[in-house]
Number of protein chains: 2
Amino acid sequence: MTKSRNEIPRATVTRLAFYLRELQQMHRAELANVRSQSIAEKLGLKDSQVRKDLSCLGTVGQRGVGYRVDELIQNIQHVLGTDRAWNVILVGVGNLGRALTGYKGFGEQGFRLVGAFDSDPKKIGHKVGGLVIQDLGSLASFASVQAIDLAILAVPATAAQSVLSVIEEANISGVLNFAPVAVRPSQAGRTIVQEVDLAIELQRLAFSVVR
Amino acid sequence: MTKSRNEIPRATVTRLAFYLRELQQMHRAELANVRSQSIAEKLGLKDSQVRKDLSCLGTVGQRGVGYRVDELIQNIQHVLGTDRAWNVILVGVGNLGRALTGYKGFGEQGFRLVGAFDSDPKKIGHKVGGLVIQDLGSLASFASVQAIDLAILAVPATAAQSVLSVIEEANISGVLNFAPVAVRPSQAGRTIVQEVDLAIELQRLAFSVVR
DNA sequence: TAGATTGTTAATCGATTAACAATC
DNA sequence: TAGATTGTTAATCGATTAACAATC
């Protein structure tokens, strides 16, 4: 079978999100049009790469002119699924979790932080970033009322796998895992986990510097 | 020209850092040996992928037995360059920056946070994570005395590019950029920048969930 | 030895790039 | 029209995988 029209390569998806970031900035600067070369230069890519990626959106450019910034933004958001709001909860209100509740970037891309959970009784009831910290035990009932799409997992490594089970049982479909351990969904193929490890990013940088 | 023995693909470098994380956990659990299949299962990869990656280390496995955990750890750290300590500074003590000073994972991988800088006079002189916040203006002189290897850039998007110039002038060779904007080193090829964007990670997750 | 697991090959798959016809 | 820039092709490059001989 040949590749369907709207199957988008993972590498392209990542770049589309970076294009979006630049385009939103251009939009704020009131630029109406942009060429593939301008985007490419900002991100250190080839212009042909940018055009190839953008062609996945279902053709929006004008030959001789370029792309409309606002149209591109809408198209990318539609492909990424961020043309609607996503309800997100934070699980684990430690050092990092606390910072994430104040992170502006999530809201700007349509991710609404609507709940915060922890298992430490000393934290429960206190507020963080405008949210009352709730007990992990009430996650399932909360999720069934609130329609939660995603969870940010920011608990210690030792707790990550078992907390993931709780998240899975609450029927949350995606997890962004900041815990420095690989967690695996128990039921095959239900919850999607995306790993983020800040120390690993630093290691990748270190490697680049040494070479 | 054929590929040199110690050129390691970027994709492999990233996975090696993940292997390292698992191996360190196994080491703490006092496991002496490990098979490629065990590592693969934990991370959702193929065993042949793991073996291929590990073969970049210059052969450490024993047929019929597996790999020695401690040997593997040392080899990966050597390749990544984290078999020595790295001096890191934080630039931008906002919400996220503050959390990063308390992030244990950096220290565990050999990254020492040795300085914190901000341009806000109200913050200067105060302490964060055991470090006195210094003025951005004193970054260059601090770096010349302290031998700084890397900088974590956690300033607002609007400031990122100009602060990068300050970092470059201080001869710091690598920057981990958390600012949600692409920054480009001014002098060609000197400072290496690695982008991390937490909102983009959430967008990638959203895409996976929708598909 | 028999059983297990690596190291490596070759095939396949996916991603990047240069080039240029199409066309605004 | 002339100039510019897209959209797309085909070539190249890089990464993944199955399979199995080598060997502990």
Side-chain angles (χ1 to χ4, degrees), chain A residues 1-19 23 26 31-72 75-76 79 204 207-208 211, chain B residues 1-19 23 26 31-72 75-76 79 204 207-208 211:
Chain A
M1 199 178 106
T2 170
K3 176 181 273 192
S4 124
R5 182 181 287 93
N6 52 15
E7 258 183 61
I8 300 182
R10 284 211 66 75
T12 294
V13 170
T14 304
R15 280 190 302 266
L16 285 175
F18 278 101
Y19 301 163
L23 290 162
M26 290 173 186
L31 287 174
N33 287 283
V34 66
R35 298 181 299 146
S36 56
Q37 209 188 76
S38 316
I39 301 176
E41 273 168 12
K42 280 189 196 298
L43 294 164
L45 304 169
K46 303 281 170 171
D47 54 341
S48 54
Q49 173 91 84
V50 173
R51 289 197 299 281
K52 175 128 246 205
D53 288 339
L54 295 181
S55 74
C56 294
L57 303 176
T59 245
V60 285
Q62 279 199 56
R63 292 173 204 236
V65 180
Y67 303 83
R68 290 207 43 130
V69 172
D70 52 5
E71 207 178 332
L72 228 38
N75 278 274
I76 294 176
V79 162
R204 300 208 298 158
F207 174 84
S208 302
R211 298 288 148 145
Chain B
M1 200 177 103
T2 172
K3 176 182 274 191
S4 124
R5 181 181 287 95
N6 51 16
E7 257 182 62
I8 300 182
R10 284 210 67 75
T12 294
V13 170
T14 303
R15 281 191 301 267
L16 284 174
F18 279 99
Y19 300 163
L23 290 162
M26 290 173 184
L31 287 173
N33 288 283
V34 65
R35 297 181 300 146
S36 55
Q37 209 188 77
S38 317
I39 301 175
E41 272 167 14
K42 281 191 196 294
L43 293 164
L45 303 169
K46 304 279 170 173
D47 55 340
S48 54
Q49 173 90 86
V50 172
R51 289 197 299 281
K52 175 130 247 207
D53 288 338
L54 294 181
S55 73
C56 294
L57 302 176
T59 245
V60 284
Q62 279 199 58
R63 291 170 205 236
V65 180
Y67 303 84
R68 293 206 44 129
V69 172
D70 52 4
E71 207 177 333
L72 229 38
N75 278 274
I76 294 176
V79 162
R204 300 208 298 159
F207 174 85
S208 302
R211 299 289 148 144

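Keep in mind that what you see is a predicted model, and the values were worked out from it rather than measured. Just so we're on the same page: letters track the sequence lines, and every chain starts at 1.
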Grab the CZ-P distance between B/Arg68 and C/dT5 for me, whole Å please. 17 Å
Bracket notation of DNA chain C in which parentheses pair within the strand, [ ] cross earlier pairs, and | pairs with another strand (Watson-Crick or G-U, under 3.5 Å): ..||||||||||||||||||||||
A/Gln37 has an atom CD; how far is it from atom C1' of D/dG3, in whole Å? 14 Å
Atom CD of B/Glu71 to atom P of C/dT6: distance rounded to whole Å? 13 Å
Of D/dG7, C/dA15, D/dT5, the nucleotide closest to the side chain of A/Arg35 is D/dT5
Do B/Met26 and B/Asn33 come within less than 4.5 Å of each other through their side chains, counting heavy atoms only? no
B/Glu7 has an atom CD; how far is it from atom C1' of D/dC13, in whole Å? 13 Å
Distance col, row B/Ile76:CD1 vs B/Leu54:CG, nearest 0.5 angstrom, shows 6.0 Å
For the CD atom of A/Gln62 and the CD atom of A/Glu71, what is their distance to the nearest 0.5 Å? 8.0 Å
Under 4.0 Å between a side-chain N or O of A/Tyr67 and OP1 or OP2 of D/dA4? no
Working to the nearest 0.5 Å, report the span between CD1 of A/Ile8 and OG1 of A/Thr14. 11.5 Å
Both A/Arg10 and A/Gly64 contact DNA chain C. Which one's nearest nucleotide lies toward the 5' end? A/Arg10
Is the shortest side-chain heavy-atom distance between B/Leu23 and B/Ile39 below 4.5 Å? yes
Can you tell me how far apart CG (B/Asp53) and OG (B/Ser48) are? Round to the nearest 0.5 Å. 9.5 Å
To the nearest angstrom, how far is A/Asn75 atom CG from D/dG7 atom P? 11 Å
Here the distance between atom C1' of D/dC20 and atom CZ of B/Arg63, to the nearest Å, is 11 Å
Could you give the distance from CG (A/Asn75) to OH (A/Tyr19), rounded to the nearest 0.5 Å? 14.5 Å
Among all residues two or more places apart in sequence or in another chain, which pass the salt bridge (Lys or Arg N to Asp or Glu O under 4.0 Å) test with A/Arg68? A/Asp70
With a 4.0 Å cut-off on heavy atoms, is B/Ser36 in touch with a base, just the backbone sugar-phosphate, or nothing at all? sugar-phosphate
Drop me the distance from B/Arg10's CZ to A/Arg204's CZ, to the nearest 0.5 angstrom. 6.0 Å
Distance below 4.0 Å between A/Arg15 side-chain N/O and C/dA15 OP1 or OP2: no
Distance, rounded to the nearest Å, where B/Leu16 contributes CG and D/dA15 contributes P: 13 Å
Let's see if you get this right: which residues in residues 38-54 of chain A place a heavy atom under 4.0 Å from DNA chain C? A/Lys46, A/Ser48, A/Gln49, A/Arg51, A/Lys52
Give the rounded distance in Å between these two atoms: CG of B/Leu57 and C1' of C/dG7. 13 Å
